[in-house]
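Being a predicted model, the structure only gives us computed values, none of them experimental. In what follows, chains carry the letters A, B, and so on, assigned in the order in which the sequence lines appear, proteins first and then strands, with residues in each chain numbered from 1.
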Protein chains: 2
Amino acid sequence: METEKGSRNDPLVDGDPGGEQLPQPEVADIELVKVLQALGDPVRLWLLKVYADGDQYSCRPGALGLDHLHKSTVSHHMRILRESGVTSTRVVGRNRYVRLRREDLDARFPGLLDALIGALPY
Amino acid sequence: METEKGSRNDPLVDGDPGGEQLPQPEVADIELVKVLQALGDPVRLWLLKVYADGDQYSCRPGALGLDHLHKSTVSHHMRILRESGVTSTRVVGRNRYVRLRREDLDARFPGLLDALIGALPY
DNA sequence: GGTGCTGTTTGATGGTTGTCAAACAGTTTC
DNA sequence: GAAACTGTTTGACAACCATCAAACAGCACC
């Protein structure tokens with residue numbers, strides 16, 4: 001089949017990237033202690049910076065500035081971020097479209113995400 | 001010797017409680033990842049609430065609402081909070097005068113502490 | 001359709017952590 | 001000075017965690 005909804009080189013658009021959403025907690029079920037636990041790690045704090053700068057279509061270590069880590073390790077970190085409620089992931093082809101859950105986090109913990117992003121050492 | 005600088009039943013005053021300050025990081029050396037690591041634990045997140053409500057003159061588990069924990073465990077948590085830069089501790093007699101480092105944290109990570117306290121589930 | 005790419009899962013491993021118990025050090029009080 | 005109290009330190013132990021490697025699954029592209 002030909003590519004009907006856009007090839008991988010298409011520019012990032014605002015709309016729905018399509019694909020199936022990976023399991024994640026409801027807004028009301030996001031727990032502060034789990035968010036802090038998720039972000040209390042150098043690698044995942046780095047990923048917060050990456051996703052604060054924009055959505056990503058790839059989880060490749062190289063694409064995320066994590067070339068020193070094995071891809072299974074990165075996958076592990078992505079899962080923790082998603083299951084804690086920090087990020088949202090959609091399966092698009094063989095890639096994963098990952099974004100920060102800004103509105104959900106702002107609704108649940110007002111001001112927290114902005115303060116965290118502003119406090120990043122990068 | 002008689003009590004010359006106030007007995008343990010004196011009311012809490014705003015001024016210097018006296019005593020020697022336990023080692024803690026300089027403001028500029030407070031690291032975000034260590035603060036998040038420190039607060040990414042149910043017990044220490046509870047202690048954040050306790051100290052957000054006011055300074056404490058005791059580290060006894062019962063005085064902190066941690067009756068289910070051994071005193072050495074509480075001491076361990078207090079150390080992590082202090083060494084991460086969240087709290088400040090002074091030795092006063094046989095007690096410890098512990099307080100939140102509000103101004104230091106506000107200076108280093110503007111808005112973070114308020115957002116965290118506002119997000120507490122207690 | 002086969003090859004290559006992206007990402008997940010499982011297992012193994014070394015390091016970290018939360019907890020308790022016991023011993024210890026200062027301090028207060030009698 | 002002895003007894004009681006507060007808190008620290010050390011050791012032990014189970015649970016958890018970050019990491020890698022290998023195997024696997026789904027998709028893309030030729």
Side-chain angles (χ1 to χ4, degrees), chain A residues 1-10 17-23 33-34 36-47 56-64 66-84 87 89-98, chain B residues 1-10 17-23 33-34 36-47 56-64 66-84 87 89-98:
Chain A
M1 298 125 188
E2 67 285 0
T3 52
E4 47 189 0
K5 58 172 188 276
S7 77
R8 64 176 155 78
N9 283 330
D10 280 351
E20 189 189 353
Q21 177 127 349
L22 262 48
V33 68
K34 287 197 178 171
L36 298 180
Q37 215 167 328
L39 297 177
D41 174 278
V43 172
R44 296 192 290 263
L45 208 54
W46 169 262
L47 287 174
Q56 296 289 331
Y57 268 109
S58 172
C59 291
R60 271 176 30 248
L64 299 170
L66 295 174
D67 245 328
H68 55 107
L69 288 183
H70 198 274
K71 59 178 179 171
S72 62
T73 303
V74 174
S75 181
H76 162 73
H77 287 299
M78 305 295 295
R79 173 201 280 260
I80 290 183
L81 285 175
R82 176 170 48 84
E83 291 184 343
S84 70
T87 59
T89 302
R90 281 184 173 278
V91 180
V92 180
R94 61 184 172 188
N95 292 341
R96 303 294 182 274
Y97 172 75
V98 180
Chain B
M1 300 122 186
E2 66 286 1
T3 52
E4 48 188 0
K5 58 176 190 277
S7 77
R8 63 176 155 79
N9 283 330
D10 279 352
E20 189 188 353
Q21 178 128 345
L22 262 48
V33 68
K34 287 196 178 172
L36 299 180
Q37 212 168 327
L39 296 178
D41 173 277
V43 171
R44 296 192 291 264
L45 208 54
W46 169 262
L47 287 174
Q56 296 289 330
Y57 267 110
S58 173
C59 290
R60 271 176 32 246
L64 299 169
L66 295 174
D67 245 328
H68 56 107
L69 289 182
H70 197 273
K71 59 178 180 172
S72 63
T73 303
V74 174
S75 180
H76 161 73
H77 287 299
M78 304 296 294
R79 174 201 279 259
I80 290 183
L81 285 175
R82 176 170 47 84
E83 291 183 342
S84 71
T87 58
T89 301
R90 280 184 173 278
V91 179
V92 180
R94 61 185 172 188
N95 291 339
R96 303 295 182 272
Y97 172 75
V98 181

Taking the side chain as everything from C-beta on, heavy atoms only, tell me whether [X] gets closer than 4.5 Å to [Y].
X	Y	answer
A/C59	A/V98	yes
B/P23	B/R82	yes
A/D41	B/V33	no
A/L39	A/L81	yes
A/M78	A/V74	yes
A/R96	A/V91	yes

Under 4.0 Å: is that the gap between some side-chain N or O of [X] and OP1 or OP2 of [N]?
X	N	answer
B/Q37	C/dT16	no
A/R79	C/dG7	no
B/S75	D/dG7	no

Restricting to nitrogen or oxygen on both sides, can you table the protein-nucleotides 19-22 of chain C pairs closer than 3.5 Å?
residue : atom : partner : partner atom : Å
C/dT19  : OP2  : B/H77   : NE2          : 2.4
C/dC20  : OP1  : B/H68   : O            : 3.3
C/dC20  : OP2  : B/H70   : N            : 2.8
C/dC20  : OP2  : B/T73   : OG1          : 3.0
C/dA21  : N6   : B/S72   : OG           : 3.1

For [X] and [N], give me the distance from atom [atom1] to atom [atom2], rounded to whole Å.
X	N	atom1	atom2	value
A/R90	D/dG26	CZ	P	20 Å
B/R82	D/dG7	CZ	C1'	12 Å
A/Y57	D/dC27	OH	C1'	16 Å
B/N95	C/dT29	CG	C1'	14 Å
B/Q56	D/dT6	CD	C1'	15 Å
A/L66	D/dT19	CG	P	9 Å
B/R96	D/dT9	CZ	P	9 Å
B/L22	C/dA25	CG	C1'	14 Å

I'd like a list of close polar pairs between nucleotides 1-5 of chain D and the protein, N/O only, cut-off under 3.5 Å.
residue : atom : partner : partner atom : Å
D/dC5   : O2   : B/R94   : NH1          : 3.4

Search all heavy atoms of B/Q37 against all heavy atoms of B/R44 and return the closest pair with its distance.
O-NH2, 3.5 Å
So, B/S84 side chain and B/I80 main chain: donor-acceptor pair closer than 3.5 Å or not?
yes
Could you check B/L64, B/N95, B/T87 and say which one makes a side-chain contact (heavy atoms from CB on, under 4.5 Å) with B/Q56?
B/L64
